[in-house]
2 protein chains.
Amino acid sequence: MAPNTSPPTGDAFASDLLRGHTDTIVLGTLRTTDRYGFEIYKTIRDATGGDYEIKEATLYATFRRLTKDGLVEAYWGDETQGGRRKYYRITDAGRAVYTQNVKDWTATQRIINTLLETK
Amino acid sequence: MAPNTSPPTGDAFASDLLRGHTDTIVLGTLRTTDRYGFEIYKTIRDATGGDYEIKEATLYATFRRLTKDGLVEAYWGDETQGGRRKYYRITDAGRAVYTQNVKDWTATQRIINTLLETK
DNA sequence: CCAAGTACTGTGCGTGATACAGTACCGGAC
DNA sequence: GTCCGGTACTGTATCACGCACAGTACTTGG
């Protein structure tokens, strides 16, 4: 990630609002294809039009957690030129967790919307 | 809160999914009328049909935070009988924060739904 | 009279997001 | 030919929030 990253647009969302969702978000980007770390960062940034940029430290901490839990597998790419890239592949367990997390997210939305009486 | 509270229904939502929203939820219950702590606990539990029970420790920690930040004001009720009750009143600053938080929540939903490709 | 419910308070811990710091390689500008 | 910005990965330390757990105290019903 570029040094001195200033907030891209808006004033960055309170990190706690996304808390608990980063694992799911990252797993989501891996559903269709293997990706390397920085690629995931860009995928998320671009998908949200720059509204949300996952922090580097957060992203790699997430990889450590997901790997430890067997939800993703990592392997080094064979770049013959350019810097090394570590790719991540979602496992079957990861897909199952992703599916469940999306359900939980739906339920969470329902609960919060009920409590805030957001129509 | 009753001792030995077992999960009411479902298996309790991962606390991290609600994280960052408790302030807003509590402020929301105070929009229409002053309430005391345990009443807020019940209000939230009943509004969600028992799907979400804010934990006692979480609730009172939230009150401390909201009070410190001037978003609510507390006063002791004058119950002539029954146990003492501490009532909370939302301040103008609290209302402003609530309104902003609801906006942030809407934005957060949009972002997560985009990233999860939830339709 | 004592158990269960109501009601408030405080301490300490685990986890996730992040700040911050560091390493390393590449391409283009000057 | 070197310096800078971008790409790319890693590690350590910190902070806040939610919660488990523990404690106090009053009240009502069996």
Side-chain angles (χ1 to χ4, degrees), chain A residues 1-7 12-26 35-45 52-69 72 74-88 101 108 111-112, chain B residues 1-7 12-26 35-45 52-69 72 74-88 101 108:
Chain A
M1 200 168 308
N4 301 331
T5 305
S6 42
F13 289 89
S15 50
D16 277 333
L17 298 186
L18 274 301
R19 194 173 178 120
H21 300 293
T22 50
D23 286 16
T24 312
I25 289 169
V26 169
R35 295 181 196 271
Y36 59 93
F38 206 73
E39 187 184 7
I40 295 177
Y41 160 77
K42 286 183 292 187
T43 301
I44 293 173
R45 184 194 58 192
Y52 176 53
E53 288 191 353
I54 192 169
K55 302 305 178 301
E56 227 172 336
T58 303
L59 185 58
Y60 292 107
T62 300
F63 286 146
R64 280 197 287 275
R65 192 167 49 241
L66 293 176
T67 303
K68 182 173 68 63
D69 294 345
V72 301
Y75 58 94
W76 286 103
D78 57 350
E79 280 72 36
T80 46
Q81 66 203 38
R84 73 221 160 115
R85 289 172 172 173
K86 195 187 247 185
Y87 286 83
Y88 294 89
N101 284 1
T108 301
I111 288 181
I112 298 183
Chain B
M1 203 167 308
N4 302 329
T5 304
S6 42
F13 290 90
S15 49
D16 277 335
L17 297 186
L18 273 302
R19 194 178 176 118
H21 300 294
T22 49
D23 286 15
T24 312
I25 289 168
V26 169
R35 294 180 196 272
Y36 60 92
F38 206 73
E39 186 184 7
I40 294 177
Y41 159 76
K42 286 184 291 187
T43 301
I44 292 172
R45 185 193 58 193
Y52 176 52
E53 289 190 355
I54 191 168
K55 302 305 176 300
E56 227 172 335
T58 303
L59 185 58
Y60 291 107
T62 300
F63 286 145
R64 280 197 288 275
R65 192 166 49 240
L66 293 176
T67 303
K68 181 173 67 63
D69 294 346
V72 301
Y75 58 95
W76 285 102
D78 58 349
E79 280 71 36
T80 47
Q81 67 204 40
R84 73 216 160 119
R85 289 171 171 173
K86 195 187 247 183
Y87 286 83
Y88 294 89
N101 285 1
T108 301

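- Within the 4.0 Å cut-off from OP1 or OP2 of D:dA8, at least one side-chain nitrogen or oxygen of A:Tyr36 is found.
- With rounding to whole Å, B:Tyr41 atom OH is found 11 Å from C:dG5 atom P.
- Taking atom CZ on B:Phe38 and atom P on D:dT24, their separation rounds to 19 Å, with Å as the unit.
- Between B:Trp76 and B:Arg85, the closest heavy-atom pair is CE3-O, 3.4 Å.
- Considering only side-chain N and O atoms, A:Arg65 lies under 4.0 angstrom from the phosphate OP1 or OP2 of C:dA17.
- In this structure, NE2 of A:His21 is placed 16 Å from P of D:dC17, rounded to the nearest angstrom.
- Rounded to an integer number of Å, the gap from B:Lys55 NZ to C:dA7 P is 19 Å.
- Taking B:Thr43 as the reference, B:Thr29, B:Arg35, B:Glu39 meet the side-chain contact (heavy atoms from CB on, under 4.5 Å) condition, with sequence neighbours excluded.
- Atom CG of B:Leu59 and atom P of D:dC17 are 15 Å apart (whole Å).
- Closest of all the heavy-atom pairs between A:Tyr88 and A:Ala74 is CE2-CB, 3.6 Å.
- At whole-Å resolution of the value, CZ in B:Arg19 and P in C:dG16 are 10 Å apart.
- Comparing B:Lys42 and B:Arg64 by the nucleotide of DNA chain C that holds the closest heavy atom to each, the one mapping nearer the 5' end is B:Lys42.
- No side-chain heavy atom of B:Ile44 sits less than 4.5 Å from a side-chain heavy atom of B:Glu53.
- Not one side-chain nitrogen or oxygen of B:Arg84 sits closer than 4.0 Å to the OP1 or OP2 atom of D:dC26.
- Between C:dA17 and A:Thr22, a contact under 4.0 Å exists linking OP1 or OP2 to a side-chain N or O.
- Minimum heavy-atom separation, B:Thr22 to B:Tyr52: CG2-OH, 3.8 Å.
- For B:Arg85 and D:dC26, the shortest distance from a side-chain N or O to OP1 or OP2 is not below 4.0 Å.
- B:Tyr60 has no side-chain polar atom (N or O) that falls below the 4.0 Å cut-off from OP1 or OP2 of C:dT9.
- The base of D:dC19 does not come close enough to the side chain of B:Glu56 for any donor and acceptor atom to sit less than 3.5 Å apart.
- In the set C:dA7, D:dA20, D:dG11, D:dG11 carries the atom at the smallest distance from any side-chain atom of A:Ala57.
- In this structure, the OH atom of B:Tyr75 is 12 Å from the P atom of C:dC8, given to the nearest Å.
- Between the P atom of D:dT10 and the NZ atom of A:Lys68 lies a distance of 17 Å, rounded to the nearest Å.
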